Number of protein chains: 2
Amino acid sequence: MRKKRITIEDVALEAGVHASTVSRALNPGKRALVSDVVAARVAATAQRLGYTPDPVAAGLRTRRSATIGILIPDIANPLFPPILRGIEAALAEAGYTAIIANTDNDALRARDALERLAARRVDGVILATVSRRDPLLDRCRKLGLPVVLVNRSTGGGATSAVLTDDEAGAALAVRHLALLGHRAIGHVAGPQRLSTGAGRRSGFVAARRAVGGESGPPPIAEAASYGIEAGAHAAAALLAAHPRITAIVAANDLLALGCYDEARRRGLACPRDISITGFNDMPFADRFDPPLTTVRIAQRAMGVEAARLLLAEIENPRSPKREIKLQPELVVRGSTAQPRGPSLTVPRRSR
Amino acid sequence: MRKKRITIEDVALEAGVHASTVSRALNPGKRALVSDVVAARVAATAQRLGYTPDPVAAGLRTRRSATIGILIPDIANPLFPPILRGIEAALAEAGYTAIIANTDNDALRARDALERLAARRVDGVILATVSRRDPLLDRCRKLGLPVVLVNRSTGGGATSAVLTDDEAGAALAVRHLALLGHRAIGHVAGPQRLSTGAGRRSGFVAARRAVGGESGPPPIAEAASYGIEAGAHAAAALLAAHPRITAIVAANDLLALGCYDEARRRGLACPRDISITGFNDMPFADRFDPPLTTVRIAQRAMGVEAARLLLAEIENPRSPKREIKLQPELVVRGSTAQPRGPSLTVPRRSR
DNA sequence: GGCGCTCTTGCAATCGATTGCATAGAATAG
DNA sequence: CTATTCTATGCAATCGATTGCAAGAGCGCC
């Protein structure tokens, strides 16, 4: 029993028709080519025999694998699972399956993973890894692979992408802090080679000007990567250069966590002595100490839209490239508060 | 340029040999069948032409897809990403690729996902979802699919599995609390239909007896699922039935978070008024408020071992079933402390 | 010099589906 | 009643690799 797979041939024999007829009867697109009575009979026999078409065999002939590849830096980064769920949901509707590959922010691994996906004949790829000018994209173009970016943009509009309005998000954070009374607001920026890093930074700069913060060049320190350690380093540099800062807008939640660490190291209590905001609203951000005020991005929706965009592009390779920009939302929690009045409270020392 | 794929035929033509020779020259197993000089020439031409064998086409003939399926409840549950990374790493070494499916703890979806994986002709599956007696396993057996369980067991030994020594882990937590001076220790248990829920519970019961806790039936409340809400409910029930409890051993970190919530609701400060331990040491457990004392399981190692076990079973379907049990480790953080002396401090009210 | 042996290589079938083309029979037109 | 167009189905090639079998080349031995 284990040995015998049921093939289209078996169904054909059993239904008394030719295999090609079975194929047509079972394929929604070709269904019209075969008479209703035969189609019904075939469907019934297929059902009875428990026939499942082999997508591998079909793919060989049709050149489509009903599979798409996803490149992300690291699935353990909590930003991604919700996006993946969104992608998966939209893909499943269309009968597609996703293959996920982690790159660990390593260009070589990314290259490698892409080649492996291409070898598996994926019908398209979703990239959450690329920097603003990335050779990966050229490679995809050369391979003739439809591509959609999530949470990234090349700026050029040559590639479809789904992203967050990073400028607006950063502005949300700045305005919130300004409203609380902060004047000296600093920014721990993400890597500027990534569109999110650049976008949030420029959003910060513009918003700071708009709310009329202190004059002079904006207090900004760029983190080397989107990690806690990098955030702590950048925060240290920022605070060293601008000791009077009362609030920090971090370019993502992990960087904010790094800011927490650095603040604590300096004996600064958050939010009493310094307010800190994040970006992304990653899972469990509400459980941090203190709960993180952050800019929530529509992770799942990004995934869904990205998958839809990609499917459309697979369907019609010359469909226009589109950029979908989703609006973020501020989530106020415990890491932001009014700046402490200069003399209302004595600075608190860490133990 | 985009149109033409390079096939084995192209390489054969270019190298002046037959396609079958190319196949043999490039396949490590058959490599010995062709002369060294020809093999070298073929390898060189393949290299030069940029030939990548089509695993789909090969799979059609060989009946192996070099693909395995993974069923997990939810990728957004931070327990799983490290396991997946482990699986992926071990798989990649062997040239295999993973396809991940989420089931949301829904038996129907699980069933469905399994069928889809089977249709894609995966060579085996890794299940992180099954309960102690699960129809999914019978289905795999019927399909002739090699299976390995991660972090789950059927108890029967009929299926290979990689798991944590849950009894030992629970004992670690209980002993830690006993050493701190706790006598009245309760347990928020996981669902008993899951092997982890049952194992941790029995570990708790045995350890409690061993450390000579209070007599009488052990204070235990079972959570309906491994979620924060369920944990809060169970904690409420536990504290209502046993008000004198000074410490709770939760069967996983999410349940522990639920305990945090319920404790706060009752005006109990953790760890001052009540100590709480988790299980798993999920990412960011050190960032919770308070940082969670928990039992760390070797997530990545579980993934690696599971993948190895599965590959071995694919290689040799009649290889003996094995259960690998990994030892957990206690991570002490801020959610546990000595029980407060009956009158040393006044209870603290939440605001 | 003929026989048998090993070592390489080619031939052709195969895996399971899809699809352009051909054809038989039915339906319709004239 | 014949000619023509449809419709429904079958035939066979195809996708890209793998592999059992056959055959040719080279070689040693008696």
Side-chain angles (χ1 to χ4, degrees), chain A residues 3-43 45-46 49-67 95 118-123 144, chain B residues 3-43 45-46 49-67 95 118-123 144:
Chain A
K3 325 235 51 167
K4 201 61 195 127
R5 277 216 62 79
I6 291 140
T7 75
I8 202 173
E9 199 73 38
D10 301 324
V11 178
L13 238 55
E14 186 77 9
V17 295
H18 193 264
S20 58
T21 305
V22 175
S23 171
R24 286 188 272 251
L26 263 29
N27 187 323
K30 306 283 156 59
R31 169 59 210 278
L33 293 176
V34 52
S35 71
D36 287 350
V37 39
V38 171
R41 178 151 45 94
V42 167
T45 6
L49 264 44
Y51 167 70
T52 23
D54 186 331
V56 169
L60 184 56
R61 178 71 219 258
T62 60
R63 311 267 52 202
R64 322 177 94 234
S65 58
T67 294
R120 292 214 173 250
R121 307 293 187 264
V122 295
D123 295 334
Chain B
K3 324 237 50 163
K4 200 65 197 122
R5 276 215 63 77
I6 290 140
T7 76
I8 201 172
E9 199 73 37
D10 301 325
V11 178
L13 238 55
E14 186 76 9
V17 295
H18 192 264
S20 58
T21 305
V22 175
S23 171
R24 286 189 272 252
L26 263 28
N27 187 322
K30 307 282 157 60
R31 169 60 212 278
L33 292 176
V34 2
S35 71
D36 287 350
V37 42
V38 170
R41 178 153 42 94
V42 166
T45 7
L49 264 43
Y51 167 68
T52 23
D54 186 332
V56 169
L60 183 57
R61 178 71 221 253
T62 61
R63 312 267 50 200
R64 323 177 92 235
S65 58
T67 294
R120 293 219 171 246
R121 306 294 186 263
V122 294
D123 295 334

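Because the structure is predicted, anything quoted here is derived from the model rather than measured. Just the heavy atoms: all of them, side chains too, but no hydrogens, waters or symmetry mates, feed the values below. Residue numbers begin at 1 in each chain, while the letters A, B, ... track the order of the sequences.
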**OP:** Please name all residues satisfying salt bridge (Lys or Arg N to Asp or Glu O under 4.0 Å) with B/Arg121, sequence neighbours left out, ordered by chain then number.
**Re:** A/Asp54
Original post:
Taking CG from B/Asn27 and P from C/dT9, how many angstroms apart are they, rounded to a whole number?
Top reply: 16 Å
Original post:
Atom CG of B/Leu60 to atom C1' of D/dA17: distance rounded to whole Å?
Top reply: 8 Å
**OP:** Quick one: closest heavy-atom pair of B/Val11 and B/Leu49, and the distance?
**Re:** CA-CD2, 4.1 Å
Subject >> Any B/Arg64 side-chain nitrogen or oxygen under 4.0 Å from OP1 or OP2 of D/dT18 >> reply: no
Original post:
Mind checking what makes side chain to side chain contact (heavy atoms under 4.5 Å, CB included) contact with B/Ala19, not counting sequence neighbours?
Top reply: B/Ile8, B/Glu9, B/Ala12
Original post:
Shortest non-hydrogen contact from B/Tyr51 to B/Thr7?
Top reply: CE1-C, 3.6 Å
Subject >> Whole-Å gap separating C1' (C/dA17) and CD1 (A/Ile6) >> reply: 16 Å
Original post:
Whole Å only: how far is the CD atom of B/Glu9 from the P atom of D/dA17?
Top reply: 9 Å
**OP:** Rounded off to whole Å, could you give me the CG-to-P distance for the B/Leu26 and D/dT19 pair?
**Re:** 14 Å
So which protein nitrogen or oxygen atoms get under 3.5 Å of nucleotides 11-13 of chain D's nitrogens or oxygens?
from: D/dC11; atom 1: N4; to: A/Ser20; atom 2: OG; distance (Å): 3.2

Original post:
Quick one: which of D/dA17, C/dA17, C/dG10 gets closest to the side chain of B/Thr21?
Top reply: C/dG10
Subject >> Strand-adjacent residues in residues 31-39 of chain A, judged by heavy atoms under 4.0 Å from DNA chain D >> reply: A/Leu33, A/Val34, A/Ser35, A/Val38
Original post:
Whole Å only: how far is the CZ atom of A/Arg120 from the P atom of D/dC15?
Top reply: 22 Å
**OP:** Go through D/dG16, C/dG16, D/dT19 for me and flag the one nearest to the B/Ser23 side chain.
**Re:** D/dT19
Subject >> A/Thr21: partners by side chain to side chain contact (heavy atoms under 4.5 Å, CB included), with sequence neighbours left out >> reply: A/Val17, A/His18, A/Val34, A/Val38
Subject >> side chain to side chain contact (heavy atoms under 4.5 Å, CB included) involving B/Thr62 - partner list, sequence neighbours excluded >> reply: B/Arg64
Original post:
Hey, does A/Val17 reach any base, or is it just sugar-phosphate, or nothing, if we go heavy atoms under 4.0 Å?
Top reply: sugar-phosphate
Subject >> Minimal non-hydrogen separation, A/Ala39 against A/Ala25, with atom names >> reply: CA-CB, 4.0 Å
**OP:** Would you name the heavy atoms of A/Arg120 and B/Thr67 that are closest together and state the gap between them?
**Re:** NH1-OG1, 3.0 Å
Original post:
Considering all heavy atoms of both residues, which atom of A/Ala46 and which atom of A/Leu26 are nearest to each other, and what is their separation?
Top reply: CB-CD2, 4.2 Å
Subject >> Inter-axis angle, terminal five-pair segments of the helix from C/dG1-D/dC30 to C/dG30-D/dC1 [nearest 10°] >> reply: 50°
**OP:** Report the distance from atom NZ of B/Lys30 to atom C1' of D/dT18, rounded to the nearest whole Å.
**Re:** 7 Å
Subject >> salt bridge (Lys or Arg N to Asp or Glu O under 4.0 Å) contacts in which one or both residues fall within residues 18-37 of chain B, not counting sequence neighbours >> reply: B/Arg31-B/Asp36
Subject >> Set of residues satisfying side chain to side chain contact (heavy atoms under 4.5 Å, CB included) with respect to B/Leu60, sequence neighbours excluded >> reply: A/Ala57, A/Leu60
**OP:** List in chain and number order the residues that pass side-chain hydrogen bond (donor to acceptor under 3.5 Å, both in side chains) with B/Thr45, two or more places apart in sequence or in another chain; answer none if no residue qualifies.
**Re:** none
Subject >> B/Asp54 CG - C/dC15 C1' separation (whole Å) >> reply: 13 Å
